[in-house]
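Atom set for the values below is all heavy atoms of this structure, side chains included, hydrogens, waters and symmetry mates excluded.
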Amino acid sequence: MHNRQLRPRAKGPTVPGAPTITFTADTNPVVWDAPASDGGTPITGYRVYVNGTLFEDYGDGGMRSSVDSVAAGQVVEVSAVNAVGEGPKSAPVVVS
């Protein structure tokens with residue numbers, strides 16, 4: 001009988017930190033914190049949602065985006081993506 005070690009199965013990443021939005025004259029940067037866990041596979045990107053609809057698929061793994069068309073009352077969420085798939089969305093932030 002062979003003694004094999006089992007590797008933990010990779011999962012999707014956990015929830016990233018809730019986004020913050022800073023209004024400027026030209027752009028509205030959205031910034032978030034990385035999730036506590038990448039699920040065992042490196043994070044390859046993030047997805048930014050506005051009012052539940054995918055706004056941007058941010059594939060370089062950075063934690064900053066620019067949402068130029070966001071307006072007061074809209075809801076912004078962010079999710080992390082790794083090779084396994086997309087993790088859950090962050091807590092929603094209502095733009096004020």
Side-chain angles (χ1 to χ4, degrees):
M1 180 176 247
H2 296 281
N3 187 7
R4 292 191 292 170
Q5 288 189 328
L6 298 176
R7 289 185 176 166
R9 186 175 178 175
K11 304 177 201 173
T14 59
V15 178
T20 58
I21 302 165
T22 306
F23 289 98
T24 65
D26 300 323
T27 62
N28 302 316
V30 178
V31 180
W32 56 89
D33 291 327
S37 171
D38 64 8
T41 303
I43 291 173
T44 57
Y46 291 90
R47 293 183 179 154
V48 177
Y49 292 85
V50 176
N51 292 335
T53 301
L54 181 61
F55 178 83
E56 182 176 21
D57 197 347
Y58 203 63
D60 72 357
M63 292 178 291
R64 182 182 180 98
S65 176
S66 180
V67 182
D68 297 330
S69 60
V70 71
Q74 293 184 310
V75 177
V76 177
E77 299 166 292
V78 176
S79 66
V81 179
N82 67 11
V84 175
E86 181 178 11
K89 292 177 187 174
S90 67
V93 173
V94 178
V95 178
S96 56

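- No more than 12 heavy atoms of other residues, nucleotides or ligands lie within 6.0 Å of NZ in K11, so this atom counts as exposed by the packing criterion.
- Clustering of Ile, Leu, Val, Met, Phe, Trp and Tyr side chains at separations under 4.5 Å leaves V84 isolated, with no partner residue.
- Other residues sharing a hydrophobic cluster with V93 under the 4.5 Å side-chain heavy-atom criterion for ILVMFWY residues do not exist; the residue is a singleton.
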Please set out all donor-acceptor pairs under 3.5 angstrom arising from side-chain atoms of residues 70-80, sequence neighbours excluded.
| unit_1 | atom_1 | unit_2 | atom_2 | d |
| --- | --- | --- | --- | --- |
| Q74 | OE1 | A71 | N | 2.6 |
| S79 | OG | E86 | OE2 | 2.4 |

Could you list the donor-acceptor pairs under 3.5 angstrom formed by side chains in residues 31-38, with sequence neighbours left out?
| unit_1 | atom_1 | unit_2 | atom_2 | d |
| --- | --- | --- | --- | --- |
| S37 | OG | G39 | N | 3.0 |
| D38 | OD1 | G40 | N | 2.8 |

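- Take D57 and apply the salt bridge (Lys or Arg N to Asp or Glu O under 4.0 Å) test, not counting sequence neighbours, and it matches R47.
- Residues Y49 and V15 are members of separate hydrophobic clusters, defined by side-chain heavy-atom contacts under 4.5 angstrom among Ile, Leu, Val, Met, Phe, Trp and Tyr.
- Contact record, P13 with P88: O-CD, 3.4 Å, taken as the closest heavy-atom pair.
- Across all non-hydrogen atoms, the minimal contact from S90 to P19 is OG-CD, 3.3 Å.
- Remark: A91 engages A18 in a side-chain contact (heavy atoms from CB on, under 4.5 Å) (not counting sequence neighbours).
- Within the 3.5 Å criterion, the main-chain N or O of V81 finds a donor-acceptor partner in the side chain of T44.
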